[in-house]
Amino acid sequence: MTVAAATATAWRHRHLLDVDVLSPGEIGLVLNGALGMTEVVAGGSARTATLRGVGVTTLFYEASTRTRVSFEVAARRLGAEVVNVTAGASSVTKGESLLDTVRTLEALGARMLVIRHSGSGAPYLAAGQFGGSVVNAGDGRHAHPTQALLDLYTLWRHLAPDADPAGPFLAGRKVAILGDALHSRVARSNLWTLTSAGAAVWICGPATLIDGFGAWATGGIGGSRPFTVTTDLAAALADADAVMALRLQRERMTAGLLPSLAEYAARYGLTRDRLSTARPGALVLHPGPMNEGVEIAPDVANGPQSVVTEQVANGVAVRMAVLELLNAARIAP
Amino acid sequence: MTVAAATATAWRHRHLLDVDVLSPGEIGLVLNGALGMTEVVAGGSARTATLRGVGVTTLFYEASTRTRVSFEVAARRLGAEVVNVTAGASSVTKGESLLDTVRTLEALGARMLVIRHSGSGAPYLAAGQFGGSVVNAGDGRHAHPTQALLDLYTLWRHLAPDADPAGPFLAGRKVAILGDALHSRVARSNLWTLTSAGAAVWICGPATLIDGFGAWATGGIGGSRPFTVTTDLAAALADADAVMALRLQRERMTAGLLPSLAEYAARYGLTRDRLSTARPGALVLHPGPMNEGVEIAPDVANGPQSVVTEQVANGVAVRMAVLELLNAARIAP
Amino acid sequence: MTVAAATATAWRHRHLLDVDVLSPGEIGLVLNGALGMTEVVAGGSARTATLRGVGVTTLFYEASTRTRVSFEVAARRLGAEVVNVTAGASSVTKGESLLDTVRTLEALGARMLVIRHSGSGAPYLAAGQFGGSVVNAGDGRHAHPTQALLDLYTLWRHLAPDADPAGPFLAGRKVAILGDALHSRVARSNLWTLTSAGAAVWICGPATLIDGFGAWATGGIGGSRPFTVTTDLAAALADADAVMALRLQRERMTAGLLPSLAEYAARYGLTRDRLSTARPGALVLHPGPMNEGVEIAPDVANGPQSVVTEQVANGVAVRMAVLELLNAARIAP
């Protein structure tokens, strides 16, 4: 970031509920912050103290390994006191309302609340009630802001490491997002951040799984940043600099949206042959967990172009940066 | 507490299994201790070191958010090393006996054991086996001592903040406990502590849910402290200084004790209209989690007279005080 | 260990997947290390710092109290940063592959991975992928190396406390292992370590539960250390210095391997009468959790000859020693 940009930008948000409110400058703050955290993360053992003693509670109503542990590790590395609450072992099974749970966790000492919920918008409800900071760790089909930010960070480090992260550093780049966009909070959040950074984004999947995106694409993200929607996989992959395969939920089959997993794999699975039609060395991303052999072939998932494991590691650094920014905003006068 | 009282009282218990063995002086020690912890709790980040390195294990055979996290946060703030064991993910699912589990946890380093169990009396069994301190975090219908102590602490701070917490500071005060007293360990423990502090306690609910309390009320708590039992909600609420609504378990319906939730809400739910018949500004308590719209109306649960969230925060301070007192007794010669 | 032995032995393993690769000298290193840790463990609160900041993740695909908590406590006492992942609350329920999970946990900061899995060999798969150290905490019927090492440590301290732990300190001693050897990773791992230390090992149980061990016994452990297999309980117990009762899984009944639990208890349960036919003061071991009244009578399980609880405490010390040895090998050039 140039000095001018850096001094002109301040982080204004106490909560991180979606990426749609982040300015390019704020996105740049997250990415720059994550870059600084990377050294800490790489060390494995180093800890900083910016969240020393701050109560961070993870509240997960949906199963998760990587996201929950990623936030836990990030918060602990910043010195926070982490409490984990999952739906299975909690009062949630007694029918307690989300708002009561949020009030209770705050009274128990939580100052930052990381929440995953199957209901789109649930973190907004929580934020309306919570006196500290709420971080959306995935809500229904709606948003998964830290996932989009870690994806963007990963692309920044590979495609434009010397560019200003607050600027259009993906201008001239094409990113293809493949699969079940309809049910994907990852796709929705990535559309905002990728277009904000200037990328040409292509959404591609069977017609039943991209339903409704056509109208949005025409209007454009934020009313001004169009993207492309297609069922034509060859067109989506052509000259792509990065390809993101989305997880295919098995329950889509029972809902009648797909004939079979095999059919999906045959028509839209990201195989080595298909990947070869993208730009040479195109990056392969996946938000995980992967269904290898369905939306992505094993040799692609684990091949030289895959940055899937790097995404996971970057997630810790990005979440450290986000927690630090939110905490500073939380305690600001 | 007066100086004379303070010097005359010593905490004698290695375990906290019920409140029925606590003298007024010992109750005063808990409440005074909690008051001292409140500053630490309010700070959010401060930690003391009186339990530095002490192994505290929570062993929960029943689901819980607030109580388990409350003990975890309390113990960590005192510097303890906390291990959480829940029935779902443990050898309990393999049929291991409670006593074997207790012996195992002690051998693994636990010095204080916080246990919740569906069997009334289970913590007594545990205490008979365990070399350290056992804290009852709720056993069947029997007792929930730290809940009663945090309720008492909450009433003390609101109704008689300058009074000696070892004395009859609720003398002349009326507390109404509404609902399913029959199955409530919270009601049973509160009867002991509230009458110990001098309160006039009214238990009120449908006849099927207060069955057997009449005989106890006549004999009196500890054979000497009578209370009142009634199905007449208006009588119970009249001039009450505090009203505690109990959680109504949905499974009471299937057991034939209630015709329906709607019927219960209509006849015994704590609504704003009904609350207005209590003393002006009467405090509203609930042990949580609440069934809003059943035993308590949403506008009462979240209204200006509700101290429900405060109860949760006070629970951390009270549990810190309890853990500190028990730990001192545990390591005393 | 003599000075000569100590200087001649170095720990060569980055992973601990089975005990079959451990030389007597390496076993001695673990046992000596555990002896040094015992003081730390006995203190209850002391911590060392050899794993300061090292990410240790427990990944349990099967329920466990003692083993999971034992590793957690051991790692924390060494200063590690522990993350717990269980199958129930993780992406495992979404069908993520073991290898993806392992890669993900490493990217999230795990440097040591403690894994329990129902599939024999799963930790080997994990080790092939993981850049740090993998510890097998039990895989299918195959191996449970830290259990065998803690059993051996327990026998060393009782039967030959002054002997070199790298030598044949159980020579002339007889150890009987009773019950369901067929499905027992504990029995398999103990066969290696007990015979390595020179013990005469007898495997005894109903024919259906020791099937296949006869051929192995004749060939000998490692092709050179024979043991005895029999259905004759009296012969197995005669003059035994130690008796280890194995847990009987209830599901063996439904598999048709046993007529009933009562029948098993009557014929092979370790009762006081039967124990009296072993050497006076013979030690009683059990890996836990126990089915009291089935494979072991309650008065034996909790009697004066039982070292079951001691095994659990020793498990923490042994695992501290193992983690320290593996970590040193992991970071060695």
Side-chain angles (χ1 to χ4, degrees), chain A residues 49-61 63 65 68 72 75-76 78-115 125-126 128-133 323 327-328 330-331, chain B residues 40-47 58 60-77 82 84-90 116 150 247-251 261 286-294 296 298 301-302 306-317 319-320:
Chain A
T50 49
L51 263 69
R52 177 74 64 213
V54 174
V56 174
T57 297
T58 65
L59 174 61
F60 274 61
Y61 288 82
T65 297
R68 198 268 297 164
E72 179 179 351
R76 284 161 64 166
L78 296 169
E81 292 288 326
V82 182
V83 168
N84 294 313
V85 176
T86 52
S90 81
S91 285
V92 171
T93 59
K94 299 186 195 170
E96 187 178 41
S97 76
L98 173 63
L99 291 187
D100 275 347
T101 301
V102 167
R103 272 190 289 263
T104 298
L105 294 175
E106 180 169 3
L108 289 169
R111 294 297 166 264
M112 308 191 81
L113 184 66
V114 178
I115 183 168
L125 274 176
Q129 187 61 56
F130 191 67
S133 293
L323 290 172
N327 190 54
R330 179 180 71 82
I331 61 184
Chain B
V40 176
V41 173
S45 66
R47 294 178 70 143
T58 66
F60 274 61
Y61 288 81
E62 293 186 334
S64 167
T65 297
R66 75 193 65 215
T67 306
R68 198 267 299 166
V69 174
S70 182
F71 272 108
E72 179 179 351
V73 169
R76 284 161 64 166
R77 282 193 174 143
V82 182
N84 294 313
V85 177
T86 52
S90 83
R116 167 166 291 190
L150 75 88
R247 174 174 176 75
L248 188 74
Q249 312 279 352
R250 284 157 198 280
E251 48 273 34
L261 287 181
H286 190 295
M290 298 187 282
N291 289 311
E292 293 186 20
V294 183
I296 190 167
N302 305 298
S306 168
V307 293
V308 174
T309 302
E310 215 177 303
Q311 286 172 277
V312 177
N314 288 341
V316 177
R319 288 174 180 121
M320 289 174 77

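Chain naming here is simple, since letters A, B, ... match the order of the sequence lines and numbering starts at 1 in each.
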>> Whether the side chain of R76(B) engages the backbone of V82(A) through a donor-acceptor N/O pair (distance < 3.5 Å, no angle test) should be reported.
In response: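 Checked: pair present.
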> In chain order, what residues pass the side chain to side chain contact (heavy atoms under 4.5 Å, CB included) check against L99(A), with sequence neighbours excluded?
Replying inline: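 In terms of side chain to side chain contact (heavy atoms under 4.5 Å, CB included), with neighbours along the sequence ignored, L99(A) is linked to S97(A), R103(A), L125(A), Q129(A).
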Nearest heavy-atom neighbours spanning [X] and [Y]:
X: L108(A); Y: R77(B); result: O-NH2, 4.4 Å
X: E72(B); Y: V83(A); result: OE2-CG2, 4.3 Å
X: A107(A); Y: T309(B); result: CB-O, 3.5 Å

> What part of E292(B) gets closer than 4.5 Å to chain A, counting heavy atoms only: side chain, backbone, both or neither?
Replying inline: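 Only the side chain of E292(B) comes within 4.5 Å of chain A.
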>> Given heavy-atom pairs under 4.5 angstrom as the criterion, report whether the side chain, backbone, both or neither of N302(B) touches chain A.
In response: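 For N302(B), side-chain heavy atoms alone lie under 4.5 Å from chain A.
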> Does the side chain of D100(A) reach to within under 4.5 Å of the side chain of V308(B), using non-hydrogen atoms?
Replying inline: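 The answer is no, as the side chains (C-beta and beyond) never meet within the 4.5 Å cut-off.
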>> For E106(A), give me all partners under side-chain hydrogen bond (donor to acceptor under 3.5 Å, both in side chains), at least two apart in sequence or on another chain.
In response: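 Testing E106(A) for side-chain hydrogen bond (donor to acceptor under 3.5 Å, both in side chains), a comparison that skips the adjacent residues, returns none.
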